[in-house]
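One is the number of the first residue; the rest follow in order along the sequence. These numbers come from a predicted model, not from an experiment.
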Amino acid sequence: MNSATQQQSNTQFDSEATQNAGATNTRETKQTTGKQLVAIIFILAMATKMFLLPIFLIQATGRDGYIILSVYGAFDLITLIPMLIAIRICDVDIFELLSSVLGRVGAKIAVVFIWLFLLFKLNTAVSEILTFYGTNVLSDFNTSMMLIVLLAFLAATGAHTLRALSRLNEILVPVIVLCLAVLVAIVIMTGFDLCNIFPAVADKKGFSDALVKHPAWVGDFTPLLLFIGRTKTKKHTWCFAAGSGVIGTTVAVFFAIALSAAFGNVPTYVDASTNISNILQFSVGNVYGRLDMFSSILWSVSVFIEAALFFYATCRCASFVVGKPAHLVISLCTCVIVYVVQVFALTDPMIFSVAVTSKLCAIATPILAAVLPLLALVCAVVYNTKHKKPSAEEEQNAGE
């Protein structure tokens with residue numbers, strides 16, 4: 001092999017290594033199944049929207065909080081459509097896709113924006129977990145130690161494959177669904193007063209202000225970018241996937257209605273310690289030893305799964321940008337970033353609330369949440385057009 005050929009081979013190898021830096025730890029392309037995709041979409045649709053968001057919305061607009069949450073849920077479901085289409089029509093992962101269409105430099109610039117968005121969403125999820133558990137479940141536990149335990153879990157998921165994370169989610173989803181079913185049954189049997197959510201939108205200015213201040217919780221389906229080109233799907237996967245998103249959003253809206261009916265007229269009494277169990281203290285749940293509290297704790301595992309998905313996607317984007325598949329090192333570096341943000345920046349739920357409702361978040365979050373799925377879809381269409389296989393007739397005409 002002469003020097004020119006060797007140099008060309010090395011250049012090609014380096015290019016492939018850069019494109020594959022964000023890939024999982026195995027060379028196998030298809031890492032998840034359609035069933036796992038459906039389960040993950042369900043978790044992403046409702047997990048973080050059932051933690052602190054209803055509380056913030058009730059504080060801001062009282063009984064109309066569930067309406068704003070419904071708007072955000074509908075927005076996410078709309079962005080899910082181009083994401084699912086991109087997953088369906090594209091056979092290469094997001095990093096190879098962007099590199100092919102935008103070029104190496106353009107792809108890295110795009111992935112930097114994706115990384116920033118995912119890192120923001122990751123810190124939002126982690127802050128919610130620390131606030132919820134630090135106030136409700138583990139109130140006497142040191143927050144820094146709680147964060148270290150959480151980051152150890154996230155580092156483990158970041159160093160593993162997409163297959164491992166999808167299987168973990170697949171195992172836990174039946175438990176989460178069962179716990180949610182128990183909570184729904186208890187809420188229905190408790191019979192909260194739906195009249196408390198009327199009249200709707202009595203304070204139009206307060207409603208509009210709250211609507212434009214809390215879009216930090218949209219864009220929950222962004223980690224699905226990592227599922228492009230890596231998902232084994234069947235004929236009806238897309239119907240089940242879309243239905244899963246609708247069901248997850250409906251569950252989140254249902255519990256937001258319950259909280260709005262219970263606390264919408266007394267928003268000053270709502271704080272980070274408020275959760276679905278507060279309205280069920282004297283309900284049928286007490287007959288069997290607070291099944292509502294037990295189910296709430298098990299259901300909250302879904303937020304850990306969502307945080308793990310954001311963490312995994314963040315690490316893979318960072319791997320692509322730096323051009324090295326050092327997944328463990330990048331996972332640890334990401335943990336350090338999250339630790340610094342949580343301990344030195346978002347030290348208090350009030351600071352967290354101010355940060356996520358800032359003008360920057362209110363503008364940038366919905367824009368990126370809408371643009372990123374559309375970018376994936378457009379790149380998928382362009383890629384398929386460029387690499388379209390000729391038909392048998394076209395091949396025959398070319399041969400003649």
Review point. Where is the tightest heavy-atom contact between Pro215 and Cys361, given as atom of each residue plus distance?
Key: CG-O, 4.3 Å
Practice item. Taking all heavy atoms of Ala370 and all of Thr79, pick out the closest pair and write down the distance. Key: CA-CG2, 4.1 Å
Review point. Are Phe304 and Val177 connected, step by step, through hydrophobic side chains (Ile, Leu, Val, Met, Phe, Trp, Tyr) whose heavy atoms are closer than 4.5 Å?
Key: yes
Practice item. Find out if a path of hydrophobic residues (ILVMFWY) with successive side-chain heavy-atom gaps under 4.5 Å connects Val329 to Phe311. Key: no
Practice item. Please test Leu52 against Phe352 for side chain to side chain contact (heavy atoms under 4.5 Å, CB included), starting from the C-alpha separation and ending with a verdict. Key: CA-CA 11 Å; Leu52 295 185; Phe352 168 69; 3.9 Å; yes
Point to revise | Close side-chain approach of Leu154 to Val126, heavy-atom, < 4.5 Å | key: yes
**Study point:** Atom pair CD1/OG1 of Ile129 and Thr124 - distance to nearest 0.5 Å
**Key:** 11.0 Å
Exercise for review: Evaluate side chain to side chain contact (heavy atoms under 4.5 Å, CB included) for Asp76 paired with Lys49, printing each intermediate quantity in order.
Suggested key: CA-CA 11 Å; Asp76 270 350; Lys49 286 186 174 65; 2.6 Å; yes
Review point. Is there a side-chain contact between Tyr72 and Leu211, using heavy atoms and a 4.5 Å cut-off?
Key: yes
Review point. Hey, are the side chains of Ile87 and Trp238 touching, using non-hydrogen atoms and a 4.5 Å cut-off?
Key: yes
Exercise for review: Find the distance between CZ (Phe117) and OG1 (Thr365) and round it off to the nearest 0.5 Å.
Suggested key: 6.0 Å
Check your understanding: What is the distance from atom CD1 of Ile94 to atom CG of Leu224, rounded to the nearest 0.5 Å?
Key -> 11.0 Å
Point to revise | Spacing of NZ belonging to Lys108 relative to CG belonging to Leu102, to within rounding of 0.5 Å | key: 13.5 Å
Exercise for review: Could you give me the CA-CA distance, side-chain angles and deciding distance for Phe207 and Lys204, then say whether side chain to side chain contact (heavy atoms under 4.5 Å, CB included) is met?
Suggested key: CA-CA 5 Å; Phe207 178 85; Lys204 293 182 173 58; 5.5 Å; no
Review point. Looking at residues at least two apart in the chain, or sitting in another chain, which of them share a ring-ring contact (aromatic ring centres under 6.0 Å, His included) with Phe75?
Key: none
Point to revise | Near-ring test His387/Tyr383, centroid separation under 6.0 angstrom | key: yes
Point to revise | Side chains of Thr48 and Glu306, donor plus acceptor under 3.5 Å | key: yes
Check your understanding: When the ring planes of Phe95 and Phe320 are compared, do they come out parallel, tilted or perpendicular, using 30° and 60° as the limits?
Key -> parallel
Check your understanding: According to a 4.5 Å side-chain heavy-atom criterion applied to Ile, Leu, Val, Met, Phe, Trp and Tyr, with indirect links allowed, do Ile81 and Leu374 form part of one hydrophobic cluster?
Key -> no
Exercise for review: Could you point out which residue of Leu226, Leu368, Leu372 forms a side-chain contact (heavy atoms from CB on, under 4.5 Å) with Ile114?
Suggested key: Leu372
Point to revise | Inter-residue atom distance Leu183.CG - Phe255.CZ, 0.5 Å rounding | key: 4.5 Å
Exercise for review: May I ask you to test the Leu162-Arg316 pair for a side-chain heavy-atom distance under 4.5 Å?
Suggested key: no
Point to revise | Asn384 side chain to Ile89 backbone, donor-acceptor under 3.5 Å | key: yes
Revision key, fill the gap. Scanning both residues in full, the closest heavy-atom pair of Asp64 with Pro199 reads OD1-O, 4.2 Å
Practice item. Verify the distance criterion only: is there a donor paired with an acceptor across the side chains of Arg63 and Asn196 at less than 3.5 Å? Key: no
**Study point:** Single-linkage hydrophobic cluster Leu150~Phe120, side-chain heavy atoms < 4.5 angstrom
**Key:** no
Exercise for review: Considering non-hydrogen atoms only, spot the tightest contact between Ala45 and Gly245 and give its length.
Suggested key: CB-O, 3.6 Å
Point to revise | Side-chain donor or acceptor of Lys121 paired with backbone N/O of Ala216 under 3.5 Å | key: yes
Practice item. Could you check if a side-chain atom of Leu77 sits within less than 4.5 angstrom of a side-chain atom of Val246, using non-hydrogen atoms only? Key: yes
Check your understanding: Does Thr131 use its side chain to pair, donor to acceptor, with the backbone of Glu128 at less than 3.5 Å?
Key -> no
Check your understanding: In chain order, what residues pass the side chain to side chain contact (heavy atoms under 4.5 Å, CB included) check against Ser244, with sequence neighbours excluded?
Key -> Val38, Ile41, Phe42
Review point. Quick one: do the Asn169 and Gln36 side chains pair a donor with an acceptor below 3.5 Å?
Key: no
Practice item. In sequence, state the C-alpha distance, the side-chain angles, and the governing distance for Thr357 and Phe56, and then conclude on side chain to side chain contact (heavy atoms under 4.5 Å, CB included). Key: CA-CA 10 Å; Thr357 57; Phe56 290 149; 5.9 Å; no
**Study point:** Where Gly264 and Ile58 come nearest, the two heavy atoms and their spacing
**Key:** CA-CG2, 4.2 Å
Review point. Is there a path from Ile228 to Ile85 through hydrophobic residues (I, L, V, M, F, W, Y) whose side chains come within less than 4.5 Å of each other?
Key: no
Review point. With a 4.5 Å heavy-atom cut-off, do Met83 and Leu225 have their side chains touching?
Key: yes
Practice item. Could you tell me which non-hydrogen atom of Pro54 sits nearest to which non-hydrogen atom of Leu69, and how far apart they are? Key: CG-CD1, 3.9 Å
Check your understanding: Side chains of His327 and His160: does their closest heavy-atom pair fall under 4.5 Å?
Key -> no
Review point. Got Lys205 and Asp209 here, is their nearest side-chain heavy-atom distance under 4.5 Å?
Key: yes
Study note, to complete from the structure: d(Met50 CE, Leu259 CG) to nearest 0.5 Å is 8.5 Å
